[in-house]
Amino acid sequence: MAKAITKRSENYSQWYNDIVKVADLAEYSQVRGCMVIKPYGYAIWEKIKDQLDKMFKETEHVNAYFPLFIPKSFFNREAQHVEGFAKECAVVTHYRLKVDDESKKIVVDDDAKLEEELIVRPTSETIIWDSYKNWIQSYRDLPILVNQWANVVRWEMRTRLFLRTAEFLWQEGHTAHATKEEAMEEAMKMINVYRTFAEEWMALPVYSGHKTENERFAGAINTYSIEAMMQDGKALQAGTSHFLGQNFSKAFDVKFLNKEGKLEYVWATSWGVSTRLIGALIMAHSDDNGLVLPPKLAPLHVVIVPVYRKPEQLEEITKTVNEKILPGLREKGITVKYDDDDKYKPGYKFNEYEVKGVPVRLTIGIRDIENGRVEVVRRDTLEKNFYPLDNIADTVEKLLNDIQNGIFKKAKDFRDSHTHKVSNFDEFKEVVNNGGFALAYWDGTTETELKIKEETKATIRVIPFDIDQNKTKGKKDVYSGKDAKYKVIFAKAY
RNA sequence: CGGGGUGUAGCGCAGCCCGGUUAGCGCGCUACGUUCGGGACGUAGAGGUCGUGAGUUCGAAUCUCACCACCCCGACCA
C-alpha cells in the first residue's frame, strides 16, 4: 500500500487531508495558507462552476469582472463591513522592486510607495457599489443582476485545504433593485438556487434558513444560509445569500429616480459559494477507501480497465471496447476513459480510480468477451456485478442515476439520524458533543446564543425556513428557560 | 497574537544528545527482465548548497546566536 488513508474513526481531520492528497485534488503551496488546486480538483470545480453558471443565467443573471484591488478608503464607507473584514486583509503598499546595491538581492523599492494602499479584495461589495453609482440613475437601469467568478483573499489564522484557505475561488452575485421587496425576493431566490444545486447536483442535503443577527454577514440586514452535515456531525456553511438593504447604496451614494420622479436609495443583495463546496463534497460522501463523487459532478463518470497478458489480447479487448462500449456511452453524454496504459497493472488502476471517486468502473478481459459480459463496479457501495455487453450503456446510465440518488439518500439518512430534538441543556450538550445537529428552542437573544457558544462551542447554524416559527408559543429556551422565540438548529461548525 | 513543534534527495523520515573519512533508510524515479482479474518482483542505477546567515573549532547536519519559513493546538472566519 503506497497510499494509505487514515480511517475516519481514527482521525477524521487526518482522513480529510489524506483524501485530498490521494485523490490528487490539491496541495499546499509555498505561500502560507494558499493551495494549489491540481487538475483533478480543478475539474470538479469546473463542473460545479458550469452548472451554477447555467443556473444563474437561467435566473437572468449576467457575468462581469471587477478589480482585484480595492482602494483602502472604500472600506471606510460601510462601518460594519470594515469591522468584519479589517483583521484579515492583505494590503498592497508598493508597486515596484529593485536590486539592492549592497546585497544584490531584490528588495521593495521604497520610492515606489503607493499614495493610497490597495486592499486585495476579501469580497467585492465596495468596489462593485462604487461602479454601480455610475451605472444607476433611473428605475429604468434596475435591476442589475450581476455575478462575478473570482478569487478573493482573507488572511485567515488557520487554514485547511478547500475549507479555509487564504485565497479561494468563488462566485459573488451583486444585485441592485428598485424596491425592498424585490431585493428580498432575490436573496431568497438565490438561496433556493443554492439549495437546489446542493441537493440535486452535490447530492448534499441541506437545511436552509435565516442566520441570527450574530452570525450575519458584515453589512447585511439579513443573511440566508444553507447548512450541511459532515460525517463527523459538524455543520458546514455551504452557501449564503444576503439582503443588504440600503447599507451599501447609502455608503456609496447610489440613488435612482423612481417613476414618481423622486430620488431613492437602491436596494441590494449579494450571494456566494466557494471552493469550500469541494470540501463539503469530500466530507459528506467519501469513505475510508477514498473519494466518492456524485456522478453529476464527477469529472469522469466511467473508467474501463482492460485485463490481459499478451498484446494480441489487448488488441481484441480494445476492439470490443471501441465497438461495443464507447460509442453507446458517449452518445448518452457519459464521460468515459478507456485506460489501456500498459505501464500499470489492473490492480494499480483499480485502486487509482477508486481513491479518485470515479463512480463506475468496467473491467473487461478475454473471458468476458467470450461470455459477452463485462464486470461493473460501483464506487459508492463497491458492489461488483457482471452485465451483458449488449446494452451496457443503458445499464451504466441507470447505475449512475442510482449512485446519484443513493449517496444523497445515504447523506440524508445520516443527517436525519444525527439531528435530534432536545428539550433540556444536558441533552443539548450530549447531541452537540457527540457530533450532531440539535433542534432546540431559543429565546432570540444574542446573549443566550453567545453563552451557549462559550459553553459548548455550538452555534446557531440556521433558523430553518421550513419550521413554522409560530408554533414556539409556550415553549422555553433550552438554555435560559425564558420564553422561546424560535426553533433553531445548533451545531459545532467548520 | 498566545502555546507547542519541525526544517536533511521529489515525498516521508533516521542521524544531532556525546562534532571526526564517502550523510543513511523507506517510498517514488530510470533501465532491463519476469509479471498482469484488487496497489507485482528481481537486478542495476540516478538523485543532497543537511532552511538562511554569522560564530566556536584543526574539523560542524551535529555545539552557540540571530533570522526565515512552515505545521499543529487555541481566539477569529466562506
Side-chain angles (χ1 to χ4, degrees), chain A residues 1-5 11 13-14 17-18 21-22 27-34 83-89 103 105 121-123 150-172 194 211 214-218 220 223 225-228 235-242 270-280 289-290 305-311 313-314 317 340-356 361-369 371 373-375 377 382 384 386 453-454 457 459 461 493-494:
Chain A
M1 288 288 275
K3 292 176 179 175
I5 300 172
N11 184 340
S13 86
Q14 189 56 49
N17 289 335
D18 288 349
K21 190 177 169 188
V22 301
E27 63 190 18
Y28 275 113
S29 69
Q30 291 302 305
V31 185
R32 198 203 90 108
C34 293
E83 213 186 301
F85 290 104
K87 286 171 287 184
E88 49 188 38
C89 285
S103 68
K105 283 184 179 165
R121 61 181 168 217
T123 179
N151 57 338
V152 287
V153 170
R154 297 183 188 173
W155 215 261
E156 301 288 353
M157 291 296 151
R158 299 202 353 79
T159 56
R160 294 195 65 191
L161 291 165
F162 291 114
L163 297 176
R164 189 176 303 107
T165 45
E167 180 194 12
F168 56 94
L169 305 184
W170 78 343
Q171 59 69 216
E172 43 181 330
Y194 289 155
K211 280 287 187 186
N214 180 55
E215 297 277 331
R216 234 172 247 160
F217 175 75
T223 291
S225 169
I226 53 170
E227 300 278 331
L236 184 78
Q237 180 173 307
T240 49
S241 177
H242 317 288
S270 69
W271 28 273
V273 297
S274 71
T275 34
R276 169 179 264 198
L277 291 182
I278 295 173
N289 300 308
V305 178
V307 180
Y308 59 92
R309 287 171 201 229
K310 298 171 182 150
Q313 295 175 326
L314 176 62
I317 293 166
D340 61 350
D341 190 341
D342 191 43
K343 295 194 288 292
Y344 296 100
K345 290 175 58 185
Y348 180 89
K349 294 176 187 174
F350 295 165
N351 283 284
E352 196 60 26
Y353 294 106
E354 193 167 297
V355 297
K356 289 188 135 185
R361 187 188 84 220
L362 306 183
T363 310
I364 183 162
I366 293 299
R367 291 205 303 264
D368 300 312
I369 293 175
N371 293 315
R373 64 177 198 188
V374 59
E375 186 194 52
V377 186
L382 296 175
K384 287 182 191 177
F386 287 99
K453 185 179 179 183
E454 202 177 309
K457 288 184 179 167
T459 51
R461 300 320 303 156
Y494 277 96

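Every heavy atom of this structure was used, including side-chain atoms; hydrogens, water molecules and symmetry mates were not. Lettering follows sequence order; numbering is per chain, from 1.
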Q) Is a donor on one side and an acceptor on the other found under 3.5 Å between the side chain of A:R154 and the backbone of A:P122? A) yes
Anything under 3.5 Å between a protein N or O and an N or O of nucleotides 69-77 of chain B, put it in a table, one pair a line.
{"from": "B:rC70", "atom 1": "OP1", "to": "A:R32", "atom 2": "N", "distance (Å)": "3.3"}
{"from": "B:rC73", "atom 1": "OP2", "to": "A:R158", "atom 2": "NH1", "distance (Å)": "2.8"}
{"from": "B:rC73", "atom 1": "OP2", "to": "A:R158", "atom 2": "NH2", "distance (Å)": "2.3"}
{"from": "B:rC77", "atom 1": "O2'", "to": "A:E156", "atom 2": "OE2", "distance (Å)": "3.1"}
{"from": "B:rC77", "atom 1": "O2", "to": "A:R164", "atom 2": "NE", "distance (Å)": "2.2"}
{"from": "B:rC77", "atom 1": "N3", "to": "A:R164", "atom 2": "NE", "distance (Å)": "2.8"}
{"from": "B:rC77", "atom 1": "N3", "to": "A:R164", "atom 2": "NH2", "distance (Å)": "2.8"}

Q | B:rA14 to B:rC27 separation - C1' atoms, rounded to the nearest Å | A | 15 Å
Q) If we take the P atom in both B:rA78 and B:rA69, what is their distance in whole Å? A) 27 Å
(Q) At 4.0 Å (heavy atoms only), tell me whether A:L163 reaches a base, stays on the sugar-phosphate, or touches nothing. (A) base
(Q) Can you list everything that forms a ring-ring contact (aromatic ring centres under 6.0 Å, His included) with A:F168? Sequence neighbours excluded, please. (A) A:W170
Q) Heavy-atom distance under 4.5 Å between the side chains of A:Q237 and A:Y494, does that happen here? A) no
Q. Would you say A:Y194's side chain and A:G272's backbone share a donor-acceptor pair under 3.5 angstrom?
A. yes
Q) In whole Å, what separates the C1' atom of B:rA23 from that of B:rG59? A) 16 Å
(Q) What's the gap between B:rG39 and B:rC50 when it is taken at their P atoms, as a whole Å value? (A) 40 Å
Q) P atom, B:rG53 versus B:rC32: distance in rounded Å? A) 41 Å
Q. When the P atoms of B:rC63 and B:rG19 are considered, how many whole Å apart are they?
A. 9 Å
(Q) Quick check: do A:Y348 and A:V305 have side-chain heavy atoms less than 4.5 Å from each other? (A) no
Q) Is a donor on one side and an acceptor on the other found under 3.5 Å between the side chain of A:K211 and the backbone of A:H242? A) no
Q.
Using the C1' atom as the point on both nucleotides, what is the distance between B:rG55 and B:rG15, in whole Å?
A. 24 Å
Q: Check for a donor-acceptor pair, side chain of A:E27 on one end and backbone N or O of A:K21 on the other, with a separation under 3.5 Å.
A: no
Q.
I'd like the P distance from B:rA9 over to B:rC18, given in whole Å.
A. 25 Å
Q. Between A:K349, A:E375, A:K384, which is the residue that forms a side chain to side chain donor-acceptor pair (under 3.5 Å) with A:T363?
A. A:E375
Q.
Going by the rule ring-ring contact (aromatic ring centres under 6.0 Å, His included), which residues pair with A:F162 if we only count those two or more places apart in sequence or in a different chain?
A. none
I'd like a table of atom pairs between the protein and nucleotides 2-9 of chain B - only N or O on both sides, under 3.5 Å - with the distance next to each one.
none

**Q.** Heavy-atom side-chain proximity of A:R276 to A:I278 below 4.5 angstrom
**A.** no
Q: Rounded off to whole Å, could you give me the CD-to-C1' distance for the A:Q171 and B:rA78 pair?
A: 11 Å
Close N/O contacts between protein and nucleotides 35-38 of chain B (under 3.5 Å):
{"from": "B:rC36", "atom 1": "O2'", "to": "A:Y308", "atom 2": "O", "distance (Å)": "3.1"}
{"from": "B:rC36", "atom 1": "N4", "to": "A:R309", "atom 2": "O", "distance (Å)": "3.4"}
{"from": "B:rG37", "atom 1": "N7", "to": "A:R367", "atom 2": "NH1", "distance (Å)": "3.4"}
{"from": "B:rG37", "atom 1": "N7", "to": "A:R367", "atom 2": "NH2", "distance (Å)": "3.3"}
{"from": "B:rG37", "atom 1": "O6", "to": "A:G365", "atom 2": "N", "distance (Å)": "3.4"}
{"from": "B:rG37", "atom 1": "O6", "to": "A:D368", "atom 2": "OD2", "distance (Å)": "3.0"}
{"from": "B:rG37", "atom 1": "N1", "to": "A:D368", "atom 2": "OD2", "distance (Å)": "2.6"}
{"from": "B:rG37", "atom 1": "N2", "to": "A:E375", "atom 2": "OE1", "distance (Å)": "3.4"}
{"from": "B:rG38", "atom 1": "N7", "to": "A:K384", "atom 2": "NZ", "distance (Å)": "2.9"}
{"from": "B:rG38", "atom 1": "O6", "to": "A:R361", "atom 2": "NH1", "distance (Å)": "3.1"}
{"from": "B:rG38", "atom 1": "N1", "to": "A:E354", "atom 2": "OE1", "distance (Å)": "2.6"}
{"from": "B:rG38", "atom 1": "N2", "to": "A:N351", "atom 2": "OD1", "distance (Å)": "2.8"}
{"from": "B:rG38", "atom 1": "N2", "to": "A:E354", "atom 2": "OE1", "distance (Å)": "2.8"}
{"from": "B:rG38", "atom 1": "N2", "to": "A:E354", "atom 2": "OE2", "distance (Å)": "3.2"}

Q | Side-chain donor-acceptor pair present, A:T123, A:R121, cut-off under 3.5 Å | A | no
Q.
Reading 5' to 3' and counting Watson-Crick or G-U wobble pairs with both distances under 3.5 Å, write the dot-bracket notation for RNA chain B, | for bases paired outside the strand.
A. (((((((..((((......[...)))).((((((.....)))))).....(((((..]....))))))))))))....
Q. Does A:R361 make a cation-pi contact with A:F350, if we ask for NZ or CZ under 6.0 Å from the ring centre and within 45° of the axis?
A. yes
